[in-house]
Amino acid sequence: MSQFFDLAGRTAIVTGGNGGIGLGMARGLAACGARVVVVGRNAEKNAAAVAALNTDGGEGAFALQADLAEPGSAARVVDEVVARAGGLAILVNNAGTNIRRLPQDVSDEDWYAVMDANLTSAMRMSRAAYPHLKASGHGRVISIGSMMSIFGLPLSPAYGASKGGIVQYTRSLAVAWGPDAITANAILPGWIETELTAGAKRDMPDLNDRVLARTPQKRWGLPGDFAGIAAFLASDAAAFVTGTAIPVDGGLSVHG
């Protein structure tokens, strides 16, 4: 059965892969043999992530510095990856941000900043990657939604809208690109210990108690909790899994 999870010879882009959930997924892909390309805005964090991937046993990992909210950056990243690696089989759309405001306080600038980083970047990356994913014969698109794809929080109107959009965009890709042997799935993280949620803890002093009360496993998630699900969705084991939105949340979404 191990051959189903063998990603040797496949190149994977992980946007926002230099920390948090992105690095957790990158480590899972590298552990299964994929050549991982980390894309992020911070060159120092990118270099540290590549060093960690290569130390963990990944081969040929490298990083590209880019702000994917900028038009043209996605196409440039994909072109450079294909030129250096010879192809592309796996795309993980993980890059994102949040600006916490009540709905009545969200400016146009706030709205577009979150949408461009979270949703538009995923569209641009997927569009640019499409011909190469098709040519690979086993293309995979894995996009990161959120519990805010299905729940609401008062301080996350733009973030929630962008992550709900990720789920619907994923379903469109699954239907449109299924004949090309490309699968598209979304992962919905629960409350995970990351830089983003550190800000949420500051804004909502009772958040830790609420999360622990609502999560059956009685803990926050860790970036490493995403290594396995990323490797599975990228692998041949998931060849007939597409259009899904899978919670990785310790049971939060099913707790009555």
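Values reported hereafter were calculated over all heavy atoms of this structure, with side chains retained and with hydrogens, waters and symmetry mates removed.
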* Working for salt bridge (charged side-chain N to carboxylate O under 4.0 Å, His left out), residues Glu193 and Arg219 -> CA-CA 10 Å; Glu193 296 280 7; Arg219 69 174 178 91; over 6 Å; no
* To do: With side-chain contact (heavy atoms from CB on, under 4.5 Å) as the test, would you mind laying out the steps for Val77 and Leu68 before giving the verdict?
  => CA-CA 9 Å; Val77 163; Leu68 294 175; 4.2 Å; yes
* Asked: After noting the C-alpha distance and the side-chain angles of Ile192 and Phe226, does the key distance pass the side-chain contact (heavy atoms from CB on, under 4.5 Å) rule?
  -> CA-CA 10 Å; Ile192 314 300; Phe226 293 82; 3.6 Å; yes
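Ile187 places a side-chain heavy atom less than 4.5 Å from the side chain of Ile142. Within the 4.5 Å cutoff, no side-chain heavy atoms of Leu155 are placed close to those of Arg101. Using a 4.5 Å heavy-atom cutoff, the side chains of Asp236 and Phe5 are not in contact. Residues Ile182 and Arg140 fail the side-chain proximity criterion, which asks for heavy atoms closer than 4.5 Å. At a threshold of 4.5 Å between non-hydrogen side-chain atoms, the residues Ser235 and Leu7 count as touching.
Using a 4.0 Å cut-off between a side-chain N of Lys or Arg and a carboxylate O of Asp or Glu, Glu195 and Lys45 qualify as a salt bridge.
The minimum heavy-atom distance between Ser253 and Phe151, with the atom names listed, is CA-CZ, 3.8 Å. Of all the heavy atoms in Gly28 and Ala231, the pair that sits closest is O-CB, 3.9 Å.
At least one donor-acceptor pair under 3.5 Å links the side chain of Ser149 to the backbone N or O of Lys163. Within the 3.5 Å criterion, the main-chain N or O of Val114 finds no donor-acceptor partner in the side chain of Thr97. Without hydrogens or angle criteria, Ser156 side chain to Tyr159 main chain gives no donor-acceptor distance under 3.5 Å. Side-chain atoms of His132 never come within 3.5 Å of backbone atoms of Leu88 as a donor-acceptor pair (strictly under, hydrogens ignored). With Asp249 contributing its side chain and Leu188 its backbone, the two residues share no donor-acceptor pair below 3.5 Å. Without hydrogens or angle criteria, Asn18 side chain to Gly40 main chain gives no donor-acceptor distance under 3.5 Å.
Cation-pi geometry between Arg84 and Phe62 is met: under 6.0 angstrom from the ring centre, within 45 degrees of the axis. Within the cation-pi definition used here (under 6.0 Å to the ring centroid, within 45° of the axis), Lys201 qualifies as a partner of Trp220.
There is a side-chain donor-acceptor pair under 3.5 Å between Ser126 and Asn93.
Atom CZ of Arg41 is surrounded by 12 or fewer heavy atoms from other residues, nucleotides or ligands within 6.0 Å.
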